[in-house]
Trainee: 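Quick one: the structure is below, questions incoming.
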Amino acid sequence: MEKNLDEQSIPHEDEGNNTNIDDTSKSSLSETKDNVEDVKPDDETKKVDDVDHVEGEPKEEKKEEEEEEESREGIIVEVTQPETPPPNLEKVLEDIDRFLATTNENNNNNANVNPNEEKIPECVDKFLDLLEEKIAKYDSGETKWGEVVEEDSSLLEGVNRVTKMMKLLSTMIIEFQSGEKETEAEGEAQAEEDAAEKENEKEKDEKKDHSTLVNRISAIQQRAMSYLEEEFRMLMEESRNQNKTENNDSSKGKQVATTEASENESTETVMDFPGFKEEVVTNLNKIACEMLLAGYDSECYHIYTVSRKHGFSDGLYKLGYERISMDEVQKMQWESLEREIPSWINTFKECATVWFPGERKLAASIFSDHPSDADTLYTELTRVVVFQLLNFAESVAMTKRAAEKLFKYLDMYEAIRDTITNLEKLYPENIVDDIKAEMTSAKNRLGEVAVLIFCELENSIKSDCGKTPVAGGAVHPLTRYIVNYLRLACEYKDTLEEVFREHSKIERSDSTSRPHYETDNQHSKEKESTSPFAAQLTRVMELLDANLEGKAKLYKEVPLSCIFMMNNGRYIVQKIKGSAEIYEVMGETWCRKRSTELRTYHKNYQVETWSKILTCLSPKGLSDNGKVPKPVLKERFKNFNTLFDEIHKTQSTWVVSDEQLQSELRVSISALVIPAYRSFLGRFSQYLDPGRQTEKYIKFQAEDIENYIDDLFAGNPHQAMVRKKV
């Protein structure tokens, strides 16, 4: 150093005086050099010797030396000051990394190193000063997060090193203290002898210095964590509020709760959820990494959980779903509750297909270094939502059973069932079974109620025992209700078959609700091949047939009862053939059997109605030895006219609403009556006297008969009267 001073002091003198300076200064420099080398600020004994030495010298020489030394010190300050580099956190971080690596290596080599014996380099204090200054700028708002990425990274790097220093020093202290306790038991006597030496002033000062350093590092770490914690909260809330604002601009609450959701809306939801930009997620990840490294995991997780709970609440509101308690569900009218179910189904599907996967991805991205914790946060958050939705489903299943509720129950059943199959993709292995058990329980509850409602159709049929027949033999309202209900139910054929298989052993107070083939040995083969749902459906149809047969007996006219059975039978067959789902369940064999029964009723109708007419038109009894007795012939025409007029008058009020059946009946009647009447008229009309006698007994021509037959089954009692007058 003194050599440098000599060399640097030369340029400050004139070149012409260089020789004089060298001659006069060399001696004094050598003496001053000896004095400077002897003076050491940490050695008190040498200081005393130097003082004694100085006091023995002449005062003038001492004064010259002091002046020369002061001049040299001035030169030192003047020369070295411009070379001092400005503080630089990045440069200091490199020194801190070397310090941490060296200290950690020494600690690993000797686990019982006394941390108080480790010397702390000057770079540590510089680093802490620079970091404190940077944190202060962020706290005061002079520097804002996100404005300069390099500044944010520098702050996080500094916080990272503070955390590592704190951990390293704490670990060293703990290990040293544990090592001291072990050695105490082995050598208490030796420890007592060395106690005096260990408690000297120097060691106390070193301990004090280390303690002060640890406290300072801890204070800086807490200040940094406080800022990062608040920044983490702000980033979470800003993203949530921004997404909430965008959603509120497009929709609010119940306004979006519709039964039909377009594909465009679903696509937008997938893109928007959970509404965190990639840049924000990256910043959250960096902050979370430093907070978790510093041991502030509970604070970080709490902020994340609270924010995402609010996020889910906002999202549920957006989807139109509002939380309803079990008591409220029980008190609601079905019309109101029915409107809530589509919103619930839409929300449940949206959560399972979009929200939960998006939330899991968000948690995994923010807490990428701690995947197990990310899964735990995601699980705890979404489990609350799942249980909330399942509670609503179970509450609905607990309401009073009614036939009209079946289809909504099946919709909810399908929503839960379809989600259960994808649970492995939504939850980690250690929690899948618990979630699946809860969802399966709710699904089974809905399935059980659906089975009971469907089986109660039997009671609906049995309880319909009215004594008033339907006018005109038309289709009975019970037939329309049961058949249309079954047709709608069979749109859920696969689901109902699944439900009945799962709940085929449900015991009910009414044993007739169980498929009758269970106790019928005749149908043991059918039992093996028929599904429980198909068997139950067949049972309902058989009960309906039996009920209709009882209602047919309420008609006094046998032909009208046949028309009634034909009307209802044709309605049932046509509805079943018109639905592929119910036709698949009932089968072709059943339909052929019902068609055969219809033909039987048709034949019975013809016999009961038109047999007497045909008897009047029979030639039997009108040919006696080649002569036609006029009184008998007149009586035949008279009886025919009376019978036909009565049939026309009566059956024109009867109703056959199925056009095909109506046409078949008219055609069959025409084919039966008109040829016989035309033949009878052509053969025997000549035996009546022309004029008044012919007009009196022959009231209808063949064409008239055909026209009158076309009036039958129209349900219009005045049509025949009008035509007669015309």
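By convention here, the first residue in the shown sequence is residue 1.
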Trainee: For the atom pair CD1 (Ile482) and CG (Leu548), what is the distance rounded to the nearest 0.5 Å?
Mentor: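 Result: 10.0 Å between the selected atoms.
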Trainee: Indicate yes or no: at least one non-hydrogen side-chain atom of Asn422 is less than 4.5 angstrom from one of Thr353.
Mentor: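 No; the side chains remain at least 4.5 Å from each other.
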Trainee: Can you say whether the rings of Trp344 and Phe348 are parallel (under 30°), tilted (30 to 60°) or perpendicular (over 60°)?
Mentor: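 Parallel, since the angle between the ring planes stays under 30°.
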Trainee: So, taking the atom named CZ in Phe407 and the one named CD in Glu338, what distance separates them when rounded to the nearest 0.5 Å?
Mentor: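 With rounding to 0.5 Å, CZ (Phe407) is 11.0 Å from CD (Glu338).
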Trainee: Evaluate the side-chain proximity of Leu665 to Met566: yes if any heavy-atom separation is below 4.5 Å, no if none is.
Mentor: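 SC-SC contact between Met566 and Leu665 confirmed.
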Trainee: Go through the steps for Met541 and Trp590 under the test side-chain contact (heavy atoms from CB on, under 4.5 Å), then give the verdict.
Mentor: CA-CA 10 Å; Met541 296 303 300; Trp590 184 89; 3.9 Å; yes
Trainee: Indicate yes or no: at least one non-hydrogen side-chain atom of Glu448 is less than 4.5 angstrom from one of Glu502.
Mentor: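 No. Closest side-chain heavy atoms not under 4.5 Å.
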Trainee: Regarding Glu498 and Arg501, does a basic nitrogen lie under 4.0 Å from an acidic carboxylate oxygen?
Mentor: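 No.
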Trainee: For the residue pair Tyr601 and Phe564, is the inter-centroid distance of their aromatic rings smaller than 6.0 Å?
Mentor: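 Between Tyr601 and Phe564, the centre distance exceeds or equals 6.0 Å.
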Trainee: Anything under 30° is parallel, anything over 60° is perpendicular, the rest tilted; go ahead and classify Tyr708 against His648.
Mentor: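 Answer is perpendicular, since the angle exceeds 60°.
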Trainee: Using the side-chain hydrogen bond (donor to acceptor under 3.5 Å, both in side chains) rule, take Tyr321 and Glu350 through it: C-alpha gap first, then chi angles, then the decisive distance, then the call.
Mentor: CA-CA 11 Å; Tyr321 175 75; Glu350 195 79 3; over 6 Å; no
Trainee: I'd like to know if Asp418 and Lys349 make a salt bridge, using a cut-off of under 4.0 Å between side-chain N and carboxylate O.
Mentor: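 Here Asp418 does not pair with Lys349 in a salt bridge, since their nearest N and O are not under 4.0 Å apart.
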Trainee: Drop me the distance from Leu643's CG to Ile613's CD1, to the nearest 0.5 angstrom.
Mentor: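 Reported value, rounded in 0.5 Å steps: 4.5 Å.
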Trainee: Are Lys405 and Leu337 side-chain neighbours, meaning at least one heavy-atom pair lies under 4.5 Å?
Mentor: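 The answer is no; the side chains never approach within 4.5 Å.
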Trainee: Would you find a donor on one side and an acceptor on the other, under 3.5 Å apart, between the side chain of Ser652 and the backbone of Lys649?
Mentor: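 Side chain of Ser652 to backbone of Lys649, a donor-acceptor pair under 3.5 Å: yes, one is there.
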Trainee: Thr399 and Val329: side-chain contact (heavy atoms from CB on, under 4.5 Å), yes or no, with the steps?
Mentor: CA-CA 8 Å; Thr399 59; Val329 170; 4.0 Å; yes
Trainee: Mind telling me whether Phe640 and Phe644 have parallel, tilted or perpendicular rings, with 30° and 60° as the class edges?
Mentor: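 Because their plane-to-plane angle is under 30°, the rings of Phe644 and Phe640 count as parallel.
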Trainee: Can you tell if the side chain of Asp464 reaches within under 4.5 Å of the side chain of Lys551, non-hydrogen atoms only?
Mentor: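 Yes, side chains in contact.
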Trainee: Side chains of Gln701 and Leu681: closer than 4.5 Å at any heavy-atom pair?
Mentor: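 A side-chain contact exists here, since the closest heavy-atom pair is under 4.5 Å.
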Trainee: Counting N and O atoms only, with roles assigned by atom type, does the side chain of Ser441 sit under 3.5 Å from a partner on the main chain of Glu438, one being a donor and the other an acceptor?
Mentor: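 Not at all, since once roles are kept as given, no pair shorter than 3.5 Å links the two residues.
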Trainee: Quick check: closest heavy atoms across Arg594 and Gly569, and the distance to 0.1 Å?
Mentor: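 Between these two residues, the closest heavy atoms are NH2-CA, 4.2 Å.
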Trainee: Looking at side-chain heavy atoms only, is the closest gap between Glu424 and Lys436 below 4.5 Å?
Mentor: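 Contact flag for Glu424/Lys436 side chains = yes.
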Trainee: Between Cys490 and Leu537, is any pair of side-chain heavy atoms under 4.5 Å apart?
Mentor: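 Heavy-atom side-chain distance check passes, below 4.5 Å.
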Trainee: Show your reasoning for whether side-chain hydrogen bond (donor to acceptor under 3.5 Å, both in side chains) applies to Ser595 and Arg592.
Mentor: CA-CA 5 Å; Ser595 297; Arg592 284 201 301 268; over 6 Å; no
Trainee: Is the shortest side-chain N to carboxylate O distance from Glu646 to Lys612 below 4.0 Å?
Mentor: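 No, Glu646 and Lys612 are not salt-bridged.
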Trainee: Is the shortest distance from a Lys or Arg side-chain nitrogen in Asp704 or Lys699 to a carboxylate oxygen in the other one below 4.0 Å?
Mentor: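 No, Asp704 and Lys699 are not salt-bridged.
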Trainee: Quickly, which of Tyr697, Phe700, Tyr687, Phe680 forms a ring-ring contact (aromatic ring centres under 6.0 Å, His included) with Phe637? Name it, please.
Mentor: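 Passing option: Phe680.
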Trainee: Quick test of your reading of the model: are Glu340 and Lys408 salt-bridged, counting only N-O distances below 4.0 Å?
Mentor: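 No, this pair does not count.
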Trainee: Take the angle between the ring planes of Tyr485 and Phe454 and call it parallel below 30°, perpendicular above 60°, tilted in between.
Mentor: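 Judged by the thresholds at 30° and 60°, the geometry between Tyr485 and Phe454 is tilted.
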Trainee: Is NZ or CZ of Arg480 both nearer than 6.0 Å to the six-membered ring centre of Tyr571 and within 45° of the ring axis?
Mentor: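 Satisfied, under 6.0 Å and within 45°.
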Trainee: Decide, yes or no, whether a salt bridge links Glu664 with Arg570 under the criterion of side-chain N to carboxylate O below 4.0 Å.
Mentor: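 A salt bridge links Glu664 with Arg570.
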